[in-house]
Enquirer: 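This is the structure I have questions about; it appears just below.
Numbered from 1 within each chain, the chains take letters A, B, ... in sequence-line order.
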Number of protein chains: 2
Amino acid sequence: MLPELKIQPLRYVLAIVDEGGFHAAARHLHRTQPALSMAVRELEQRLGEPIFEKGGKAMLTPFGTYCLPRFRELIIQHDRLSRDLVTQVEKRAGHIDMAAVPSVASRLMPRLLSNFIQHYPDLKVSLHDGTADFVSRLVSAGEVDLGLTSLWQVDEELDFQPLMRDAIGVVCRDDHPFAGREALDWQELQGQALIRNGTSRLLEGTEAELLLAQSDFYISNMISLTAMLVAGIGITTLPRLAFPEEYERLRFVPLATPHVERELGLLKPRRRSLSPAAQAMEAFIILELGE
Amino acid sequence: MLPELKIQPLRYVLAIVDEGGFHAAARHLHRTQPALSMAVRELEQRLGEPIFEKGGKAMLTPFGTYCLPRFRELIIQHDRLSRDLVTQVEKRAGHIDMAAVPSVASRLMPRLLSNFIQHYPDLKVSLHDGTADFVSRLVSAGEVDLGLTSLWQVDEELDFQPLMRDAIGVVCRDDHPFAGREALDWQELQGQALIRNGTSRLLEGTEAELLLAQSDFYISNMISLTAMLVAGIGITTLPRLAFPEEYERLRFVPLATPHVERELGLLKPRRRSLSPAAQAMEAFIILELGE
DNA sequence: TACAACGATAAAACAACCTTATCATTTTAT
DNA sequence: ATAAAATGATAAGGTTGTTTTATCGTTGTA
């Protein structure tokens, strides 16, 4: 029904007009003159109306004059699209949605993102933070491109690439007997007022698991948790990266036995692929954090 | 530099998404499935980034999701252009600039244009009127598409197609001795107060040419001319078509010897071609006026 | 009058596109 | 669980389009 216009012949027409002739245009386009002649003839037949006057010179017909600005417009739109897509592919534009557990978001991401935008100044990044469970569900649902988290549970849909290990330790106030210790054995914690938090389940499956049962508090909010620790109400366990160093009165003492670690890494969808921008972010993170 | 996107593969991508698979899309497009596979692969290679996920189903990558609405937009613009141009070629849109001598403009054009727009309801027509000289210069300069006029002078750039002959006659008031006569000989006009007008030069080159020398007035404006005739100040010569029939007191008497005619016809540029709309008008005029 | 430049054309080389036939996977139905 | 059906990918071959080389006819110019 509608004739299918190819972009290239339209370009030829523009060049012929701009350069003032078939020969000049052919030179400019790195084509031979007959190529243009035939392309124009093809286009004219397709439209059912001549674009150039037949006699001698390369002069537009009234119909050709009508076509010219419209051809130019379509070409401009084509080129804009083409350029836009290439820009995306070349990671010179685009945006990345990320999610990270709070410790990573607050301790690792600031420097990482700052470095990232120096390499990719035109990429936009959004960072959400939440529990490991929340992060993996965001990635799974495709609501973010990438997640930085500890492995929550094996999910067939998700691909987890380990990047760093983060050892669990005890956090207590600076006047607690543990403060200043180099390391601790889990048995020393028995009888202590242990406050559980979101990371406590990392102890599950270890000898120290027994400690969780004797704990009276579970506090998920980090601000509340630190307030209780500062108040001397109890102690807790945290991965080192989650230890809030900005609190002067709190101390972190590594748990030597059992040596428990969480594995922080990059979470991405397994069956889906990443946007070019997210690919850049992925490569950058692996380069920066994994060595 | 920029990859050249062809419209058709973009259409394929849309169809694959809309129909939910390569096979369904192929059926819908009257192509085979490998044709789509290969076209998509070509497009992906050109852009340097996959559009569909590799595994199994026809699912868009994030990049493909980004592309989709943009592909659709370019296709819509292509189709709009294509449809627009076809509409022009098929004379279902467009506009025609015309010029005619006043007699034609006022006596022939109203009915003609009225008939024309019944056949081509979406074409727009502009009609200018002026002297034969003016008309031919408008056509020559390309400021109008077509002219309806008497042949002014042979112009290599213009093509004149005769359509009708228009006999010269004498115009006088109803109480003039000539009124009521069937025909007149030029010699009878000698001694009469003859008012020349824009059409008087039609007598040049005939025996009656001598009359022009004895004329004291030249009036180009038709309203002024008729006012003078109605006032009985003199008589004039006019082609029959230019004779203002709406003046009850004026009479037209054909000039029998010499029998002078002007030839009215269609003027168009010779080396330039006409817009599709103007072509329709040309054909229509020849059909209506030339028989 | 001859020359140079222009666009049109014919034939052959080349590239793009589409089809047929077939494969490896995955999904659906029994 | 297994067979059947459907999915997209791939290879080879044919058709169609596009480009080039070579040449022609015309037009404008020296």
Side-chain angles (χ1 to χ4, degrees), chain A residues 3-47 49-61 63-64 68 75 78 82 156-157 269-273, chain B residues 3-47 49-61 63-64 68 75 156-157 269-273:
Chain A
E4 185 88 9
L5 307 175
K6 293 181 209 117
I7 299 292
Q8 210 177 22
L10 306 190
R11 260 188 232 285
Y12 288 177
V13 171
L14 289 210
I16 291 166
V17 172
D18 288 346
E19 303 289 321
F22 284 63
H23 282 273
R27 227 171 297 126
H28 190 255
L29 293 164
H30 308 292
R31 291 281 127 77
T32 56
Q33 169 262 316
L36 306 199
S37 277
M38 304 185 81
V40 167
R41 179 161 42 137
E42 227 288 310
L43 180 59
E44 289 175 336
Q45 280 174 344
R46 198 168 289 211
L47 292 174
E49 187 77 21
I51 290 170
F52 289 100
E53 297 288 359
K54 301 285 97 134
K57 285 291 173 294
M59 218 176 62
L60 286 169
T61 60
F63 179 66
L68 197 67
I75 290 173
H78 166 277
S82 181
E156 192 52 37
E157 298 295 304
R270 180 186 296 278
R271 308 202 187 286
R272 244 175 307 131
S273 50
Chain B
E4 185 88 9
L5 307 175
K6 291 180 210 117
I7 299 294
Q8 210 176 26
L10 306 191
R11 261 188 232 287
Y12 289 177
V13 171
L14 290 210
I16 291 166
V17 173
D18 289 346
E19 303 289 321
F22 284 63
H23 282 271
R27 230 172 294 126
H28 189 256
L29 293 165
H30 308 293
R31 292 280 128 76
T32 55
Q33 168 261 317
L36 306 200
S37 277
M38 300 180 82
V40 168
R41 181 164 38 139
E42 226 288 309
L43 179 59
E44 289 175 336
Q45 280 175 349
R46 200 168 287 211
L47 291 174
E49 187 77 21
I51 291 170
F52 290 100
E53 297 288 358
K54 298 288 97 129
K57 283 287 173 295
M59 216 177 62
L60 287 170
T61 61
F63 179 66
L68 198 67
I75 289 173
E156 192 51 39
E157 297 296 305
R270 181 186 296 278
R271 308 202 187 286
R272 245 175 306 132
S273 50

Enquirer: Reckon A:S37 has a side-chain N or O less than 4.0 Å from the OP1 or OP2 of C:dG7?
Expert: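 A:S37 to C:dG7 OP1/OP2: no side-chain N or O under 4.0 Å.
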
Enquirer: Round to a whole Å and report the spacing from CE of B:M38 to C1' of C:dA15.
Expert: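 In whole Å, C:dA15 C1' and B:M38 CE are 13 Å from each other.
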
Enquirer: Rounded off to whole Å, could you give me the CG-to-C1' distance for the B:L10 and C:dC17 pair?
Expert: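 B:L10 atom CG is separated from C:dC17 atom C1' by 16 Å.
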
Enquirer: Check the distance between C:dC14's C1' and A:R31's CZ and give it to me in whole angstrom.
Expert: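 Going from A:R31 (CZ) to C:dC14 (C1'), I get 13 Å.
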
Enquirer: Whole angstrom is fine here: how far is it from CG in B:L43 over to P in D:dA9?
Expert: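 It is 13 Å, rounded to the nearest whole Å.
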
Enquirer: Return the value, rounded to whole Å, for the distance between atom CD of B:E4 and atom C1' of D:dG17.
Expert: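 The distance from CD of B:E4 to C1' of D:dG17 comes to 15 Å, rounded to the nearest Å.
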
Enquirer: Are B:L5 and A:I7 side-chain neighbours, meaning at least one heavy-atom pair lies under 4.5 Å?
Expert: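 A side-chain contact is absent here, since even the closest heavy-atom pair is not under 4.5 Å.
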
Enquirer: D:dT18 phosphate, OP1 or OP2: any side-chain N/O from A:K6 under 4.0 angstrom?
Expert: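 Result: yes.
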
Enquirer: For A:Y12 and A:Q33, take the nucleotide of DNA chain D holding the closest heavy atom to each; which residue's nucleotide lies nearer the 5' end?
Expert: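 Upstream on the strand: A:Y12.
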
Enquirer: Hey, mind stepping through B:E4 and A:S82 against side chain to side chain donor-acceptor pair (under 3.5 Å) and telling me if it holds?
Expert: CA-CA 7 Å; B:E4 185 88 9; A:S82 181; over 6 Å; no

Enquirer: Are A:R272 and B:E53 packed together at the side-chain level, in the sense that at least one heavy-atom pair is separated by less than 4.5 angstrom?
Expert: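 Yes. Closest side-chain heavy atoms under 4.5 Å.
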
Enquirer: Need one value for B:Q8: base, sugar-phosphate or nothing, where a base atom within 4.0 Å counts as base even if backbone is also close, heavy atoms only.
Expert: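 B:Q8: backbone/sugar contact only, no base atoms under 4.0 Å.
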
Enquirer: Given atom CZ of B:F22 and atom P of C:dC23, what is their separation to the nearest angstrom?
Expert: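 Rounded to the whole Å, the gap is 21 Å.
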
Enquirer: Salt bridge (charged side-chain N to carboxylate O under 4.0 Å, His left out) between B:E42 and B:R46: does it pass, once the steps are laid out?
Expert: CA-CA 6 Å; B:E42 226 288 309; B:R46 200 168 287 211; 2.9 Å; yes

Enquirer: Given atom NZ of B:K54 and atom C1' of C:dT25, what is their separation to the nearest angstrom?
Expert: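 Atom-to-atom, B:K54 to C:dT25, this comes out as 16 Å.
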
Enquirer: Tell me the interatomic distance from A:R27, atom CZ, to C:dG7, atom C1', rounded to whole angstroms.
Expert: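 That distance rounds to 13 Å.
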
Enquirer: Using the side-chain heavy atoms of B:A58, tell me which of these nucleotides is nearest: D:dG8, C:dC6, C:dA8.
Expert: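 It is D:dG8.
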
